[in-house]
Engineer: 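Quick one: the structure is below, and I'll ask about it shortly.
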Amino acid sequence: MKQFDVVTLFPEMFEALTGWGVSGRGREIGAYQLVAWSPRDFAANAYRTIDDRPYGGGPGMVMMAEPLDKAVEAARARQRSTGVKKPRVLHLTPQGRVLSQAVVMELTHETGLVMIAGRYEGVDERLVNRVVDDEISIGDYVISGGELAAMVVIDAVVRQLPGALGDAESASQDSFVSGLLDHPHYTRPEVYEGAAVPAVLLSGDHARIARWRLKQALGRTWQRRPDLLANRNLSAAESTLLEEFKKEGS
Ligand code: 9D3
């Protein structure tokens with residue numbers, strides 16, 4: 001089983017992950033365990049202080065090394081007790097390697113992940129140097145702390161675990177796994193507010209439908225994310241479909 005531990009000032013936030021959807025069911029069926037640890041429970045004084053003012057001055061507060069260090073050690077000890085030999089410690093930070101499906105696959109191979117979610121201006125750098133194996137960002141925008149980023153990482157890893165997805169969903173069919181954006185989707189009614197479902201999808205011709213979907217996926221990727229096509233060699237059949245899409249316009 002996969003083990004996740006998160007060091008966070010807001011353990012309850014992770015109920016958003018464990019309570020619903022694919023990640024909720026994944027935990028119910030025992031695909032993974034998640035334990036959240038509060039550094040406040042490892043604080044050195046009666047006020048349970050976990051942050052202090054930055055040396056050198058400036059705005060905001062910095063998370064202190066000691067409570068984080070002790071919380072990480074408790075998380076590692078729990079992981080070892082479940083059989084994880086070498087828990088990998090991640091720090092979620094805007095300064096990290098940017099998350100991609102390739103990074104998700106790399107993390108999926110680990111049996112145990114301990115994640116540090118920072119708040120305020122960040123965590124004392126000596127804690128990072130002592131315990132952190134890898135730093136991860138979820139993209140170039142500002143969010144208020146590491147918790148949502150940790151949940152994004154956990155959700156992306158959990159959906160790769162065997163049995164986490166139902167038959168209908170398959171991790172291998174995900175966009176970015178194929179390296180292309182998804183094709184458009186339609187359901188009933190056949191005409192909505194004057195807009196009809198593309199006739200090919202009602203034809204029952206499964207080969208033609210598959211070709212149409214691949215053409216749409218290629219065309220939308222070309223239109224919206226040309227950077228994804230630049231790193232990918234199209235087959236002769238794919239090139240033909242993309243040329244058809246360009247001629248047809250859409
Ligand atoms: C107001 C503080 N900012 C000064 C320039 C720096 C800053 C500190 C802490 C900005 C954001 C945060 C909190 N963000 C995260 O902990 C975080 C994050 C993010 O903001 N974007 C993308 N990935 C991540 S992973 C963790």
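If you read the sequence from its start, that first residue is 1, and numbering goes on from there. First listed ligand is number 1; within each ligand, the first listed atom is number 1.
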Engineer: Can you see which heavy atom on Ser137 is nearest to which on Pro94, and at what distance?
Structural biologist: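 That closest heavy-atom pairing would be CB-O, 3.9 Å.
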Engineer: Strictly distance-based, threshold 3.5 Å: is any side-chain N or O of Arg25 a donor or acceptor partner for the main-chain N or O of Ala164?
Structural biologist: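 Present.
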Engineer: Report, in ascending order of atom number, the atoms of ligand 1 lying under 4.0 Å from any heavy atom of Tyr120.
Structural biologist: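 Counting atoms of ligand 1 from 1, those under 4.0 Å from Tyr120 are 8 (C), 9 (C).
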Engineer: Do you see a donor-acceptor pair shorter than 3.5 Å between the side chains of Glu135 and Thr93?
Structural biologist: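 There is no such pair between these side chains.
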Engineer: Which ligand 1 atoms does Gly139 reach within 4.0 Å, using its non-hydrogen atoms?
Structural biologist: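 By the 4.0 Å cutoff, the relevant atoms are 21 (N), 22 (C).
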Engineer: Taking the minimum heavy-atom distance to atom 3 (N) of ligand 1, which of Glu147, Glu135, Glu121 ranks first?
Structural biologist: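 Among Glu147, Glu135, Glu121, the closest heavy atom to atom 3 (N) of ligand 1 belongs to Glu121.
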Engineer: Is a salt bridge present between Lys246 and Glu243, judged by a nitrogen-to-oxygen distance below 4.0 Å?
Structural biologist: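 A salt bridge is present here (some side-chain N lies under 4.0 Å from a carboxylate O).
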Engineer: Over 60° means perpendicular and under 30° means parallel, so classify the ring planes of Phe42 and Trp37, tilted if in between.
Structural biologist: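 Plane angle between 30° and 60°, so tilted.
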Engineer: Heavy-atom distances under 4.0 Å are what count here, so tell me which part of Thr93 touches ligand 1: side chain, backbone, both or neither.
Structural biologist: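 Near ligand 1, Thr93 shows its backbone, while the atoms from C-beta on stay back.
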Engineer: Determine the minimum heavy-atom distance between Thr82 and Gln33, stating which atoms define it.
Structural biologist: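 So the two residues come closest at CG2-OE1, 4.3 Å.
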Engineer: Do any non-hydrogen protein atoms sit less than 4.0 Å from atom 13 (C) of ligand 1?
Structural biologist: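 It does: a protein heavy atom is found less than 4.0 Å away from atom 13 (C) of ligand 1.
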Engineer: For the backbone of Val89 and the side chain of Asp133, can you confirm whether one donor and one acceptor N or O come within less than 3.5 Å of each other?
Structural biologist: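 Flag set: sc Asp133 to bb Val89 pair under 3.5 Å.
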Engineer: Can you confirm whether some protein heavy atom lies under 4.0 Å from atom 7 (C) of ligand 1, or whether none does?
Structural biologist: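 When distances to the protein are checked, atom 7 (C) of ligand 1 has no heavy atom within 4.0 Å.
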Engineer: Write out the residue and atom name of the closest protein heavy atom to atom 11 (C) of ligand 1, then the distance separating them to 0.1 Å.
Structural biologist: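 Atom 11 (C) of ligand 1 sits closest to the protein heavy atom Ile143 O, 3.5 Å.
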Engineer: Decide whether an N or O pair under 3.5 Å exists between Ile136 and ligand 1.
Structural biologist: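 No, since none of the N or O atoms of Ile136 sits under 3.5 Å from an N or O of ligand 1.
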Engineer: May I ask whether Leu9 and Leu34 are part of the same hydrophobic cluster, defined by side-chain heavy atoms of I, L, V, M, F, W, Y residues being less than 4.5 angstrom apart, directly or through others?
Structural biologist: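 In one cluster with Leu9: Leu34, yes.
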Engineer: Provide, to 0.1 Å, the distance between atom 17 (C) of ligand 1 and the closest protein heavy atom, together with that atom's residue and name.
Structural biologist: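 Of the protein heavy atoms, Pro94 CD, 3.6 Å lies nearest.
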Engineer: Could you identify the single nearest non-hydrogen protein atom to atom 23 (N) of ligand 1 and state the distance to 0.1 Å?
Structural biologist: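 Of every protein heavy atom, Ile138 N, 3.0 Å lies nearest to atom 23 (N) of ligand 1.
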Engineer: N/O to N/O below 3.5 Å, does that happen between Tyr141 and ligand 1?
Structural biologist: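 There is such a contact, yes.
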Engineer: Flag Ala149 as yes when one of its N or O atoms lies below 3.5 Å from any N or O atom of ligand 1, and as no otherwise.
Structural biologist: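 Not met; the criterion fails.
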Engineer: If the cut-off is 4.0 Å to any non-hydrogen atom of Val142, which atoms of ligand 1 fall inside it?
Structural biologist: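 This gives 10 (C), 11 (C), 20 (O) as the contact atoms.
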Engineer: Measure the distances from the heavy atoms of Gly122 to every atom of ligand 1 and state whether one is below 4.0 angstrom.
Structural biologist: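 In this structure, Gly122 fails to qualify as a contact of ligand 1 - no heavy atom is under 4.0 Å.
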Engineer: Do the rings of Phe4 and Tyr32 sit parallel, tilted or perpendicular, given the 30° and 60° boundaries?
Structural biologist: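 Phe4 vs Tyr32 ring planes: perpendicular.
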